[in-house]
Amino acid sequence: QASEWDYNAEGDNGPADWGKRFPKCNDTASSSRQSPINIVVDNTKYNASLPTPEFINYDVAHATSNLIISNNGHTVVVTPKYASSDSKAQIKYKGKTYELVQFHFHWGSDSKRGSEHTIDGKHFQVEVHFVHYNTDDFNNFNEAKTEEGGLLVYAQFLKSFASSANAGYQEIVPQFEKVKYKGNTTTIPHFKFDTLLSKVPDRIYSYPGSLTTPTCDESVSWIVNSQTVEISQDQMSKFLELKSNKGETNEDLVNNYRPVQKLQQRTVETNVP
Ligand code: B30
Ligand code: ZN
């Protein structure tokens with residue numbers, strides 16, 4: 001078999017079959033907390049004391065740090081490589097500190113699909129995941145990944161609309177041609193990650209969930225920013241040139257989103273009435 005898991009509805013490795021080889025991916029038990037989900041706005045619960053996530057060092061561009069951009073066949077991942085003296089990007093939320101380890105993208109072939117989370121059934125074309133682990137309670141990402149409270153992922157939706165390029169995403173997207181195939185990597189200078197986010201304060205949705213790819217560990221506190229960021233159609237077209245294989249055949253890397261999972265016993269909280 002070509003890959004242990006993929007996003008194809010046809011074949012035996014698609015999302016509906018992940019649970020066969022990765023049992024944590026099943027969302028059948030009423031106790032399960034799989035991601036992504038459809039967020040039904042009328043069913044979200046306003047919590048006046050829900051804290052706003054505090055972004056730390058997202059506004060710093062270290063001259064001494066780099067970013068590795070790599071195509072792993074499932075997505076493009078951007079990983080900060082910090083010089084030892086450089087302060088790392090973090091989110092503080094509900095009394096815990098989480099350190100950014102990587103961010104990556106899920107996207108679709110047209111504007112009606114691509115995001116993993118949906119809001120009232122509506123998809124956005126791109127969803128960016130800023131993946132953090134809890135440095136108060138864990139020594140590294142891999143230790144945190146399997147544990148309740150271990151991870152925090154901040155989701156930012158993008159839509160292609162603007163005719164002029166989004167300056168933040170222009171730091172990354174033009175590099176995609178260097179990571180066209182699975183296994184390709186490239187390095188760029190560090191830049192300010194807050195240029196990739198819509199401005200706070202926004203309406204956020206907050207709920208307990210999981211990694212959206214195998215092994216689907218139920219360790220993630222999700223924060224979904226309801227406000228979208230616009231990129232240009234030219235920037236969007238760069239996503240659609242990526243390939244999920246090493247180049248022997250023509251396999252587009254696209255529609256790399258998991259279908260929404262059952263909400264089960266969960267409540268989605270929001271910070272705006
Ligand atoms: S997500 O934000 O819920 N989509 C991982 C991190 C975040 C999410 C999903 C998965 C993760 O770290 N998975 C384990 C490592 N991966 C590498 C990778 O980045 O994705 C190995 C793998 O899958 O088996 Cu390709
Ligand atoms: Zn993701």
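The analysis underlying the following values was restricted to heavy atoms, covering all of them including side chains, and did not include hydrogens, waters or symmetry mates.
- Although no hydrogens or angles enter the test, the distance criterion places no donor-acceptor pair under 3.5 Å between the side chain of Glu143 and the main chain of Phe141.
- Between Tyr133 and Phe138, the ring center distance fails the sub-6.0 Å criterion.
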Might you work through the side chain to side chain contact (heavy atoms under 4.5 Å, CB included) test for Ile37 and Val268, ending with a clear yes or no? CA-CA 10 Å; Ile37 56 167; Val268 179; 3.7 Å; yes
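- Put simply, CD1 on Ile119 and OG1 on Thr228 are 9.5 Å apart, with the number rounded to the nearest 0.5 Å.
- Partners of Asn166 under the side chain to side chain donor-acceptor pair (under 3.5 Å) rule, at least two apart in sequence or in another chain, do not exist in this structure.
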Between Val77 and Gln102, is the side chain to side chain contact (heavy atoms under 4.5 Å, CB included) condition met? List the steps. CA-CA 7 Å; Val77 190; Gln102 51 110 322; 3.6 Å; yes
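- Identified under the disulfide (SG to SG under 2.5 Å) test for residues 5-113, with sequence neighbours left out: Cys25-Cys216.
- Ser232 places a side-chain N or O within 3.5 Å of a backbone atom of Gln235 that can act as its donor or acceptor partner.
- Less than 6.0 angstrom separates the ring centroid of Phe191 from the ring centroid of Phe193.
- Here the closest non-hydrogen pair linking Lys94 and Ser206 is NZ-OG, 4.0 Å.
- Ring centroid separation for the pair His132 and Tyr93 does not come in under the 6.0 Å cut-off.
- In this structure, the separation between CG on Leu211 and CZ on Phe22 is 12.5 Å, given to the nearest 0.5 Å.
- Using modelled atom types, one finds no donor on one side chain facing an acceptor on the other under 3.5 Å when comparing Tyr58 with Thr195.
- Using a distance-only test at 3.5 Å, with no hydrogens or angles considered, no donor-acceptor pair links the side chain of Asn184 to the main chain of Asn71.
- The backbone N or O of Val272 lies less than 3.5 Å from a partner atom in the side chain of Arg203, making a donor-acceptor pair.
- In this structure, the side chain of Asn26 does not engage the main chain of Thr28 through any donor-acceptor pair within 3.5 Å.
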How far apart are the C-alpha atoms of Ile188 and Gln175, what are their side-chain angles, what is the distance that settles it, and do they pass the side chain to side chain contact (heavy atoms under 4.5 Å, CB included) test? CA-CA 9 Å; Ile188 63 165; Gln175 306 296 321; 3.5 Å; yes
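- Heavy atoms from other residues, nucleotides or ligands lying under 6.0 Å from CG of Asn140 number more than 12.
- Side-chain contact, Asn225 with Asp202: a donor N or O sits under 3.5 Å from an acceptor N or O.
- Distance check, rounded to the nearest 0.5 Å: CG of Asp136 to CD of Glu99 gives 11.0 Å.
- Clustering ILVMFWY residues whenever any of their side-chain heavy atoms sit less than 4.5 angstrom apart, transitively, puts Val78 in the very cluster that holds Tyr98.
- Evaluation of the disulfide (SG to SG under 2.5 Å) test over residues 43-87, restricted to residues two or more places apart or in two chains, returns none.
- Environment of NZ in Lys145: crowded, with over 12 heavy atoms of neighbouring residues, nucleotides or ligands closer than 6.0 Å.
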Would you please test Tyr207 and Ser35 for side-chain hydrogen bond (donor to acceptor under 3.5 Å, both in side chains) and show each step? CA-CA 10 Å; Tyr207 79 96; Ser35 294; 2.8 Å; yes
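- Residue Pro51 comes nearest to Ile204 through the heavy atom pair O-CD1, 4.1 Å, listed as atom of the first residue, atom of the second, then distance.
- Between Lys159 and Ser111, every side-chain heavy-atom pair lies at or beyond the 4.5 Å cut-off.
- Annotation: disulfide (SG to SG under 2.5 Å) contacts involving residues 43-123, sequence neighbours excluded, are absent.
- Under the rule for a side chain to side chain donor-acceptor pair (under 3.5 Å), the partners of Ser65 that lie at least two apart in sequence or sit in another chain are Asp86.
- Within the model, atoms CG of Leu242 and CD of Glu177 stand 10.5 Å from one another, a figure rounded to the nearest 0.5 Å.
- For residues 240-256, the pairs satisfying salt bridge (Lys or Arg N to Asp or Glu O under 4.0 Å) are Lys243-Asp252, with sequence neighbours left out.
- One distance of note links CG of Asn134 with CG of Leu151; it measures 8.5 Å at 0.5 Å rounding.
- The OG atom of Ser32 sits 4.0 Å away from the CD atom of Gln264 when rounded to the nearest 0.5 Å.
- Put simply, the side chain of Ser115 gets close to the backbone of Phe124: a donor and an acceptor are under 3.5 Å apart.
- Checked against side chain to side chain donor-acceptor pair (under 3.5 Å), Glu54 has no partners two or more places apart in sequence or in another chain.
- Considering all non-hydrogen atoms of both residues, Tyr82 and Pro80 come closest at CE1-CB, 3.5 Å.
- In this structure, the side chain of Arg266 engages the main chain of Pro208 through a donor-acceptor pair within 3.5 Å.
- Inter-residue side-chain proximity for Tyr46 and Asn271 is flagged as unmet; no heavy-atom pair is nearer than 4.5 Å.
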Check the pair Gln34 / Thr212 against side chain to side chain contact (heavy atoms under 4.5 Å, CB included), numbers first and verdict last. CA-CA 7 Å; Gln34 288 293 294; Thr212 65; over 6 Å; no
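- His104 is not listed as a side-chain neighbour of Asn72, based on a closest heavy-atom distance of 4.5 Å or more.
- When atom types are taken as modelled, the side chain of Trp18 and the backbone of Asn13 share a donor-acceptor pair closer than 3.5 angstrom.
- Legend: salt bridge (Lys or Arg N to Asp or Glu O under 4.0 Å) pairs involving residues 23-33, not counting sequence neighbours, sorted by first then second residue: Lys24-Asp217, Asp27-Lys262, Arg33-Glu148.
- Sequence neighbours left out, the pairs with a member in residues 239-273 that pass ring pair (Phe, Tyr, Trp, His ring centres under 6.0 Å) are Phe105-Phe239, Trp107-Phe239, His123-Tyr257, Phe176-Phe239.
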Evaluate the criterion ring-ring contact (aromatic ring centres under 6.0 Å, His included) for residue pair Tyr154 and Phe55; output intermediate values, then yes/no. CA-CA 11 Å; Tyr154 187 87; Phe55 290 88; 5.0 Å; yes
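- No side-chain donor-acceptor contact under 3.5 Å links Asn66 and Thr187.
- Residues Phe157 and Val126 have side chains not in contact (no heavy-atom distance under 4.5 Å, counting atoms from C-beta outward).
- Note: His129 and Trp222 have perpendicular aromatic rings, judged against thresholds of 30 and 60 degrees for the angle between ring planes.
- Each of Val153, Ile91, Leu197 was compared with Phe130 under the side-chain contact (heavy atoms from CB on, under 4.5 Å) criterion, and only Leu197 meets it.
- Pairs engaging residues 116-129 under the salt bridge (Lys or Arg N to Asp or Glu O under 4.0 Å) rule: none recorded [sequence neighbours left out].
- Residues Ala165 and Gln170 approach most closely at CB-OE1, 3.6 Å, considering heavy atoms.
- For the disulfide (SG to SG under 2.5 Å) condition, no pair includes a residue of residues 115-186, sequence neighbours left out.
- Pairs of residues two or more places apart, or lying in two chains, never qualify as salt bridge (Lys or Arg N to Asp or Glu O under 4.0 Å) while including a residue from residues 225-238.
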